[in-house]
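Remarks on the structure that follows.
Reminder, nothing fancy here: chain letters follow the sequence lines and each chain counts from 1. The model shown is predicted, which means the values in this text are computed figures rather than measured ones.
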Number of protein chains: 2
Amino acid sequence: MPYTRDQLVEQLRRHDINPTHQRIEIAFALYSRGEHLSADQVLAIVNDRHSETSKATVYNTLNLFLEKKLIREVIVDPNKVFYDPNTEPHHHFYNVDTGELADIDAAGVEVHGLPPLPDGMVTEGVDIIVRVRSR
Amino acid sequence: MPYTRDQLVEQLRRHDINPTHQRIEIAFALYSRGEHLSADQVLAIVNDRHSETSKATVYNTLNLFLEKKLIREVIVDPNKVFYDPNTEPHHHFYNVDTGELADIDAAGVEVHGLPPLPDGMVTEGVDIIVRVRSR
DNA sequence: GTCACGATTAGACTCAGTCCAGATCATGGT
DNA sequence: ACCATGATCTGGACTGAGTCTAATCGTGAC
């Protein structure tokens, strides 16, 4: 996923986000790799060369991106949240041993036999996590 | 689920767990309610009347129970892990607003179209989380 | 009794994530 | 250019879940 910074600025604007330096860099970290990253990892990547962005800003920005549906959060590891630049409907393989995450395209995946929702409830989303082990 | 302490002692023994006072109380907290509890909640319940059990023991014991497959862990809330006395295959409704968790019996639920596992991988389990909102 | 060993404990510690109050930046008006 | 304003960013203190450690306790074997 080769994103230019200009494209990311557009993307941010489209989601009603004021494209500041820090926000662009954080978006770049996530989108250019297309990987699942923890807040820690984002912080490390963004500050790789010279320290540019504070911890607080990384968290603020990730939560802003979440709110504006620019990224998704993936909760599989009891220790940390992962942030996912892929907002298309999809599911995940999770390697319990290594902590690795891999996408599963939701197209073609079907779930049958779920009971009806409790009264007055609305589905927000269905997440499928396939936990796998090496060996 | 009305479990007597004697039944729980049996249950613990069957899973190769030395049934100490604390372990029985923790098992009782989980099994007698049949609810999803966080470590915090377990600690509070067990120490409701007189302080009987330390934080360290609660965590040690919950992890021991996990290892011995007496309980399962449910990871849906970014803040805390929930422990589930139900070890039968099942899935979950998760109310994003209230944090409430409800079981979905896995019997009858089918998933189709998952891609084959990466080479040399073994499925550990498939978790489905239906995120719902009130209203 | 005492020795050994597993279980429990208080409290210090770690680490992800939040909060806060001050500094900095961008923008628009004059 | 200058200032005012609001939005953003920042370091550092803080919180809360979970872990670690070293000391103590309980129980059974001898």
Starting the side chain at C-beta, find the nucleotide from dA16(C), dT9(C), dT10(D) nearest to Lys80(A).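 For the Lys80(A) side chain, the nearest candidate turns out to be dA16(C).
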By nearest atom, which of the nucleotides dT8(C), dG12(D), dA17(D) is closest to the Asp40(B) side chain?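 Nearest nucleotide to the side chain: dA17(D).
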Does [X] place a side-chain N or O at less than 4.0 Å from the phosphate oxygens OP1/OP2 of [N]?
X        : N       : result
Asn63(A) : dT18(C) : yes
Ser38(B) : dA17(D) : no
Asn18(A) : dT8(D)  : yes
Tyr59(A) : dG17(C) : yes
Gln22(A) : dC25(C) : no
Thr53(A) : dC9(D)  : no

Does a donor on one side chain and an acceptor on the other come within less than 3.5 Å for Asn79(A) and Asp77(A)? yes
Distance-only donor-acceptor check, side chains Asp103(A) and His36(A), under 3.5 Å: yes
Got a donor-acceptor pair under 3.5 Å from the side chain of Lys55(B) to the base of dG18(D)?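 Such a pair exists between side chain and base.
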How long is the line joining CG of Leu12(A) and C1' of dT8(D), in whole Å? 14 Å
Could you list the residues that satisfy ring pair (Phe, Tyr, Trp, His ring centres under 6.0 Å) with His90(A), not counting sequence neighbours? His92(A)
Check the pair Lys68(A) / Asp16(A) against salt bridge (Lys or Arg N to Asp or Glu O under 4.0 Å), numbers first and verdict last. CA-CA 8 Å; Lys68(A) 303 289 191 178; Asp16(A) 274 325; 5.2 Å; no
For Asp77(B), which contact category applies under a 4.0 Å heavy-atom criterion: base, sugar-phosphate, or nothing? nothing
With sugar-phosphate meaning primed atoms plus P, OP1 and OP2, does Thr57(B) contact a base, only sugar-phosphate, or nothing at under 4.0 Å between heavy atoms?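 Base: the residue Thr57(B), judged by heavy atoms under 4.0 Å, touches a nucleobase.
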